[in-house]
Amino acid sequence: MRTLAPALVALASSAAIAVAIAAPVRAQDVAADSTQRLRRGQETLSPDALRLDLAARDQTRGDVRGVIEDLEGLDLSAGMSFDQADRAAFLLGEAYLELGDQDRFTSLARQVSAWKRESVFTRWLAFELRLIENGGAAAPGLSGVADLARDDAATALAGADTTSQLGRDLAGAALIRLAARATAAGQDARAWLERVPTGSRYAARARHMLGLLRLEHGEAAAGRAALESLLADDSTYTDRRQVRLALAGQALDQGRWESAHQIYRAIDSDWWQQHGLLAQLSSPCSLDTLWAAWGAEPARSGLMLLDARPARARARQLAGAAADLGARPALEPPALDEGPATQAPATSVAPPPAEAWSAVMASAGRVAQAEAELERARWDEADARESLADQRRYLAIGRQRVRGEEAQLLASAAFLDSLRATLASLDSRLRGMRDAERAHIAARTAAILDQCAGNLLWMRAMARFTLAGPDSARMVAHPAGLPGPDSLLAAERGLAGAVAALAESLAAGTPALLARSYTEAWRPAVIDRAAREAAAARAALVWARSIHGSIDSSLAAARAPTSGAC
Amino acid sequence: MLQRPVRHRPVPRPLLAVALAALLPGAARATDPAAPSAPAVTEVKVERTRPPRERLATLRFLKENRAFFRARLDQLHQTPQRGRGEATAIDPRFLAYQRMLAEVGAARDSAAGIDQERQGRGLFASINDLGRLESQLDQVERMLADQRARLGVLQSDFNGLQRTALAIVLSGYPRAAVLSTVSITLEGGRTLAVPLSAGQVESLQRGAMLQVFHGLVEPRSQVVEVTLAGDRWPQGDSGFVALEPPRDRLTLLRLNLSALEPAAGAPSIVASTWLHDAELKTHDARPEP
């Protein structure tokens, strides 16, 4: 895992450079038509489309978290639920990979792989899913491990297309494997070795092996020439000491003592140099160097590392282009190639086997996944802290208001208490007014009854002395159709009777009505109301203090734990 | 806030005293000292013997006024005339009665509305309700004041139609004798015998008055004979009261029997006369609309 760290750093740097290069382009695109996104926002009204629009904006800003939070709520399991679902899935997957969250990416890509509709985005997701499933995504850029230990795989790869570097390397590795197996079987392996492509990174080993085989087959000059040319052509070849040993042995056989001595001195020098290097590597701090050396020659572990960095760079480029919802990019996944040869000090320390490499890569994948989960935990922590800050602000406002309410309630309670004497006086005045009104109404109704009696007496007198008098016929005579005095007098008697009845009912009912009004309306509305409000103020004060305590407790709980909160 | 609304409207004084004075002048003065001045009461003497009268006074009166009587008799002759009969204007009194009748109806409706509101009132919720009650009482008092104004109009109309009349009333009851019948003999010989029932006697004993006569009389000097019958006067005991009723006025003659002495007989009756007021004496008379 430690050997992969430099590669990760290097790849991260390259990714940052790629983003930095791509960002101005995006900015220029946006600046070219700043209203485009707004217009598009007006046209897309569905919630999914709005989520995608927000995610595109976050993608443009490089906000991975924003993209994930915008798009994670989409249901992508049921196929293309809306028109731009493939774009949304791709942006979400890229955000997952940027975060290092392989698990979620794998789950998402497998969901998308079940879709019937295919697009450049779905193809990219499938491509990156294959990279991960082949174990490469743990170390972005070192993807795809081929196990050459299997004969069928080696035979198949020996005839690979050698027009590409990857094909040449695959073919070279397979031919080396086949040659080693033929040698072990006592067969002539030169034919396999001569087929190793010149541009392959295994060409030097093939020349080494071919030189040794020629020496064994008595072709001393040819073998010596091959080995010497190897030493001359490739100063970085790891087994240069073995080549020299073979040449030194050949010189001894041929009696060229001086030449053999010089070769052995060079070997000795190389050995001491190697010894010093190994002494350095024995330090724990130098394990990275050792891993770098092993990584520089994966073939020694029977592995071939494919370079996924170009693919990742293109995927990021596509993600940037996908943020422009008005355009449909057509950037297809690239062909994979073997990772570039890295400069690392040669070492004679045996590299780990392929299984160990796989375990290391799996471990790196788990580390990346853990880091992704850690990043998510940080997001959750930030959310929680923000929520707590909001809650604190809310509670602080509430506490301030409760304090104000408490002060107001205290003032109200004090004021209501001070009103007691005033209310007692007011109650006395109310009772006095009630009694005075009762006497007043009685006097007025009595006066009205007296007036009624007087009017009635007057009317009876007129009736007796005029209408019923000796000249009655003349007194009551009147034109037809018009009322006479007798009719008017009868109506007046009826009115006086009605008024008298009204006055009597008022005189009889008003005292009880006044008493009831005092008991049920005046006193409850004034005297009892003050008492009720005082009680309500006290209850509200108790409640406010209870709320205050509750708010203080909540505030104490809402004070965010510092570093150990997650 | 809790002060009862102050009423500034003065209570109108009634015209009641006018009517009471017509019926019971003494009682009106006793019960209402602030009432308008009662009609002047004139004590008259009940004589034992019939007052002497000037002979042939009627003939001399007719001779002195024969030209007037002839002119009046000439008007009784029917003389055909040429001309067209035209409708005369309706007496405005009756138009006023129609309007006053409508006012009475409106007042009754108002009283019924007030009563209905009173019945529906559960409480005086505020002082404003008390103010409304005061307003309603003011309204009732205005109704009564308006009624008195209308009664005054009616009284004035009646007074305008008044002819010469005499009303004789009895009051009091003798303590020392039982009075069974009172007979009144008017000028011209017409006699009214009024037997006193037990209820009437009880009423007289309690201070009531009993009207024994009310009729038209001539506006001249005349003598009214009063005859008492009872256990002390099985054959009757008479007294004579000289009167001179003025023209077109109602003259009231009161015979107070409370001082009647069995030995003195009818002359011990205390008699008095007064005139029914021809004009209304009001404190708040309102102009007739």
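Chain identifiers are assigned alphabetically (A, B, ...) following the order of the sequence lines, protein sequences preceding nucleic acid strands; residue numbering begins at 1 within each chain. The structure displayed is predicted, hence computed values, not measured ones.
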Answer yes or no: are there more than 12 heavy-atom neighbours, outside [X] itself, under 6.0 Å from its atom [atom1]?
{"X": "Arg401(A)", "atom1": "CZ", "value": "no"}
{"X": "Gln119(B)", "atom1": "CD", "value": "yes"}
{"X": "Gln400(A)", "atom1": "CD", "value": "no"}
{"X": "Arg516(A)", "atom1": "CZ", "value": "yes"}

State, with a plain yes or no, whether a side-chain heavy atom of [X] is found less than 4.5 Å away from one of [Y].
{"X": "Met459(A)", "Y": "Gln147(B)", "value": "yes"}
{"X": "Arg444(A)", "Y": "Asp138(B)", "value": "yes"}
{"X": "Arg121(B)", "Y": "Thr510(A)", "value": "no"}
{"X": "Pro485(A)", "Y": "Phe158(B)", "value": "yes"}
{"X": "Glu437(A)", "Y": "Glu134(B)", "value": "yes"}
{"X": "Leu489(A)", "Y": "Leu151(B)", "value": "yes"}
{"X": "Asp91(B)", "Y": "Leu482(A)", "value": "no"}
{"X": "His276(B)", "Y": "Phe465(A)", "value": "no"}

Please rank Ala498(A), Gly469(A), Ala491(A), Ser505(A) by heavy-atom pairs under 4.5 Å with chain B and give me the top one.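 The answer is Ser505(A).
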Give the member of Cys452(A), Gly509(A), Gly494(A), Ala525(A) that has the highest number of heavy-atom pairs under 4.5 Å with chain B.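 Highest number of heavy-atom pairs under 4.5 Å: Gly494(A).
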Using non-hydrogen atoms only, which part of [X] is less than 4.5 Å away from chain B: side chain, backbone, both, or neither?
{"X": "Ile448(A)", "answer": "both"}
{"X": "Ala468(A)", "answer": "neither"}
{"X": "Ala477(A)", "answer": "backbone"}

Gap separating the [atom1] atom of [X] from the [atom2] atom of [Y], nearest 0.5 angstrom:
{"X": "Glu492(A)", "Y": "Arg150(B)", "atom1": "CD", "atom2": "CZ", "value": "4.0 Å"}
{"X": "Thr466(A)", "Y": "Asn159(B)", "atom1": "OG1", "atom2": "CG", "value": "9.0 Å"}
{"X": "Leu154(B)", "Y": "Asp486(A)", "atom1": "CG", "atom2": "CG", "value": "9.5 Å"}

Between Leu137(B) and Leu506(A), does a side-chain contact (heavy atoms from CB on, under 4.5 Å) hold up when you go through it step by step? CA-CA 9 Å; Leu137(B) 291 173; Leu506(A) 282 173; 3.7 Å; yes
Apply side-chain contact (heavy atoms from CB on, under 4.5 Å) to residues Met433(A) and Leu130(B) and explain how you reach the verdict. CA-CA 11 Å; Met433(A) 191 196 70; Leu130(B) 291 178; 3.8 Å; yes
Contacting region of [X] [heavy-atom separation from chain A under 4.5 Å]:
{"X": "Arg108(B)", "answer": "both"}
{"X": "Leu216(B)", "answer": "both"}
{"X": "Ala125(B)", "answer": "backbone"}

For a side-chain contact (heavy atoms from CB on, under 4.5 Å) check, start with the C-alpha distance between Tyr97(B) and His478(A), then their side-chain angles and the critical distance, and finish with the verdict. CA-CA 10 Å; Tyr97(B) 290 164; His478(A) 58 90; over 6 Å; no
Heavy-atom pair of closest approach, residues [X] and [Y]:
{"X": "Leu513(A)", "Y": "Gly122(B)", "value": "CD1-O, 3.1 Å"}
{"X": "Ala521(A)", "Y": "Leu123(B)", "value": "CB-CD1, 4.1 Å"}
{"X": "Ala111(B)", "Y": "Leu502(A)", "value": "O-CD2, 3.9 Å"}

Where the side chain of Arg148(B) meets the backbone of Asn455(A), is there a donor-acceptor pair that is under 3.5 Å apart?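 Looks like no, no N/O pair under 3.5 Å.
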Mark yes or no for whether Trp522(A), through its side chain, and Phe124(B), through its backbone, hold a donor-acceptor pair below 3.5 Å.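 Here the side-chain-to-backbone pair exists.
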Evaluate side-chain contact (heavy atoms from CB on, under 4.5 Å) for Leu161(B) paired with Asp471(A), printing each intermediate quantity in order. CA-CA 9 Å; Leu161(B) 297 174; Asp471(A) 204 14; 5.7 Å; no
